[in-house]
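Notes follow once the structure below has been shown.
Remember, predicted model here, so these are calculated numbers, not experimental data. One-based numbering along the sequence shown. Below, all heavy atoms of this structure are taken into account, side chains as well, without hydrogens, waters or symmetry copies. Atoms within a ligand are numbered from 1 in the order they appear, just like the ligands themselves.
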Amino acid sequence: MDAIEPLEDVVARIRASEQGPGGLNAFLSLADDAGEESVPTNDLPLAGVPVAVKDNLATMELPTTCGSRSLEGYRSPFEATAVRRLRAAGGRVVGKTNMDEFGMGSSTENSAFGPTLNPVDRGRVPGGSSGGSAAAVAVGYVRMALGSDTGGSVRQPASMCGVVGIKPTYGRVSRYGLVAYASSLDQVGTFGATVGDAARLLAVVAGHDPRDATSADRPVPDFAAGTDDSLDGVVVGLPEEYFPKTLDSDVRACLDEARAALEAEGAAVRSVSLPVTELAIPCFYVLAPAEASSNLARYDGVRYGVRREAEGVVEMYEASRAAGFGTEVKRRIVLGTYALSAGYYDAYYGAAQRVRERIRADFARVFASGVDLLLTPTAPEPAFRLGEKLDDPVSMYLSDVFTVPANLAGIPGISVPAGDAGGLPVGAQILAPWWEERRMIAAAAAVERRRAGIGAEPS
Ligand code: GLN
């Protein structure tokens, strides 16, 4: 094992780079050199490994702002289970990463603390909402990072920054201490410089937690060992709805290579159909804002964050929320409150719930038909320019068109680098049935291996 570098050196290097001309604004806070434990014991799975953590996971020694003015300087009195587990495994939190406010966005431009830049092209977004974590891994500050994925926020930035991102099955990782955006969709996810890195971090943070009633009491497979699993006999479906005629031609070419890599390693590929896919975006953008409008009611200036004094208590709430929340968060609260209001509840929220069930059934049917995995693009296009979609929320929302169905269904997904489009990274997404993360990790590792030119010799 490599010698463990002192955390203060890692943090000092990140700080110097972030303060220099090439700074990415990837971090909202960095670990204080003081108070860090001495060299961790070597036999732990993440002994000494520096890990970046998205700023919506509660930490006690660093602020937890969710990229929001409303939580500026907020210190949690407890730690998220995922963070506690990564520390218990010997990992060390180097800092908290930038994000779209409360996870609402696809570009990290909705952070109250300025956008994160894509390290591959600093004129472009890193994707989002976990853009800080993706950029931190892509630029090499850390090999691993934690994020959260409600509609694609781990997979989509992984694709745009050229790193690996895993969204596990809903319930695989505890949400305790993950600040809620849309609770029925939120999952903690992992980033890695390689499939193995993302899988190792997932193995450490996964598992049952009595503090999260939706966390599953199921055994955690050895995810990292999945990178060596054979694909012989594995059937991979290509859902036609994820390859529209309008798909970017470079993205399509990268997916062709990913498909060839899976076939070269023994998988059989066939075309499948998931016809309800076209309803996923409208369904998601009713359900996620509805849940968000309820979850964000707690930021009323009484117990949390920004408070603006005013005449009466209602005026105080209004002034505090107006000052604390950014434009996109306000838009979601208005949309969500409307969708849940008496008289419209069944037409919007109820209808979206029924569509959600059909999307889940679509996946269940395909997986029951002998298909083990699905291969799709992660995002319809590579990283777009800063500012390009800021005035057009619908075009921003469409950035999630291939990632939201997995959240609606609760199935796991991984994005693995699959090539580039004019120098910009392109990710392939592999989706698996509920609890079959290990199989999807095996397939992603095959794509990674073939791209590195180290495919298994024919036996
Ligand atoms: N981009 C989607 C949204 O804005 C999903 C973001 C996420 O996964 N947190 O809601």
Side-chain angles (χ1 to χ4, degrees), residues 54-57 66-68 97-112 115-116 125-134 145-161 165-168 170 173 175 178-191 280-296 325-336 339 352 356 378-381 383-384 388-390 392-415 427 429:
K54 188 177 184 179
D55 207 30
N56 60 354
L57 284 157
C66 299
S68 181
T97 57
N98 202 1
M99 57 183 283
D100 286 301
E101 187 173 1
F102 289 106
M104 299 174 194
S106 309
S107 68
T108 315
E109 294 168 294
N110 295 337
S111 167
T116 295
V125 303
S129 65
S130 314
S133 286
L146 287 178
S148 67
D149 190 314
T150 304
S153 280
V154 167
R155 290 160 289 156
Q156 186 258 27
S159 174
M160 292 189 172
C161 289
I166 299 178
K167 182 204 92 76
Y170 184 82
V173 181
R175 291 183 297 112
L178 170 66
V179 179
Y181 160 15
S183 312
S184 78
L185 301 157
D186 298 338
Q187 253 311 275
V188 173
T190 63
F191 290 94
I281 286 282
C283 173
F284 178 86
Y285 279 96
V286 170
L287 294 180
E291 294 189 29
S293 69
S294 166
N295 275 326
L296 269 55
F325 293 143
T327 309
E328 184 60 28
V329 172
K330 288 176 183 162
R331 177 163 27 237
R332 304 291 180 98
I333 291 171
V334 171
L335 275 172
R356 180 180 191 170
T378 305
E381 54 179 10
F384 42 91
E388 194 178 319
K389 296 190 195 288
L390 268 185
D392 185 355
V394 172
S395 114
M396 188 74 90
Y397 298 171
L398 285 170
S399 198
D400 311 319
V401 62
F402 300 143
T403 47
V404 298
N407 300 78
L408 291 166
I411 58 172
I414 186 168
S415 181
Q429 174 175 245

Practice task
Could you tell me which atoms of ligand 1, counted from 1 in the order shown, lie closer than 4.0 angstrom to a heavy atom of Ser106?
Solution key: 1 (N)

Handout entry: Distance-only side-chain donor-acceptor flag, Gln429 / Ser415, under 3.5 Å
Key = no

Practice task
For Asp400, take its heavy atoms, then give the atoms of ligand 1 lying under 4.0 Å from any of them.
Solution key: 1 (N), 2 (C)

Exercise for the section: Please work out which of the three classes, parallel, tilted or perpendicular, describes the rings of Phe102 and Phe325, given edges at 30° and 60°. Expected result: perpendicular

Problem - Heavy-atom side-chain contact between Ser107 and Met396 under 4.5 Å - result: yes

Problem - Thr150 and ligand 1 - part of the residue with a heavy-atom distance under 4.0 Å - result: both

Exercise for the section: State, to 0.1 Å, how close Thr150 and Tyr181 come at their nearest heavy-atom pair, and which atoms those are. Expected result: OG1-CD2, 3.6 Å

Problem - Closest non-hydrogen atom pair, Pro157 against Phe191 - result: CG-CZ, 4.2 Å

Completion exercise
Here the pair of heavy atoms bringing Ser106 nearest to Gln156 is O-NE2, 3.0 Å

Fill in the blank from the handout: So the atoms of ligand 1 within less than 4.0 Å of a heavy atom of Gly105 turn out to be 1 (N), 2 (C), 3 (C), 4 (O), 6 (C)

Problem - Tyr285, portion touching ligand 1 at heavy-atom distance under 4.0 Å - result: side chain

Completion exercise
With Arg155 as partner, the option from Asp149, Thr378, Thr403 fulfilling side chain to side chain donor-acceptor pair (under 3.5 Å) is Asp149

Practice task
Output yes when the distance from some N or O of ligand 1 to some N or O of Phe284 is under 3.5 Å, and no in every other case.
Solution key: no

Practice task
Mark the output for Ser129 as yes if a heavy-atom distance to ligand 1 is under 4.0 Å, and as no if none is.
Solution key: yes

Handout entry: Residue pair Asp400 / Ile281: nearest heavy atoms and the distance that separates them
Key = C-CD1, 3.9 Å

Completion exercise
When distances are taken from atom 10 (O) of ligand 1, the protein heavy atom at minimum range is Tyr181 OH, 2.4 Å

Exercise for the section: Please confirm whether Asp149 comes within less than 3.5 Å of ligand 1 when only nitrogen or oxygen atoms on both sides are compared. Expected result: no

Exercise for the section: Consider every N or O of Ser153 and every N or O of ligand 1, then say whether any pair is closer than 3.5 Å. Expected result: yes

Exercise for the section: Report yes if Met104 has an N/O atom closer than 3.5 Å to an N/O atom of ligand 1; otherwise report no. Expected result: no

Handout entry: Test of proximity, Arg332 against ligand 1: N or O pairs below 3.5 Å
Key = yes

Problem - Any donor-acceptor pair under 3.5 Å from Arg356 side chain to Leu408 backbone - result: yes

Handout entry: Whether Tyr397 lies under 4.0 Å from ligand 1, heavy atom
Key = no

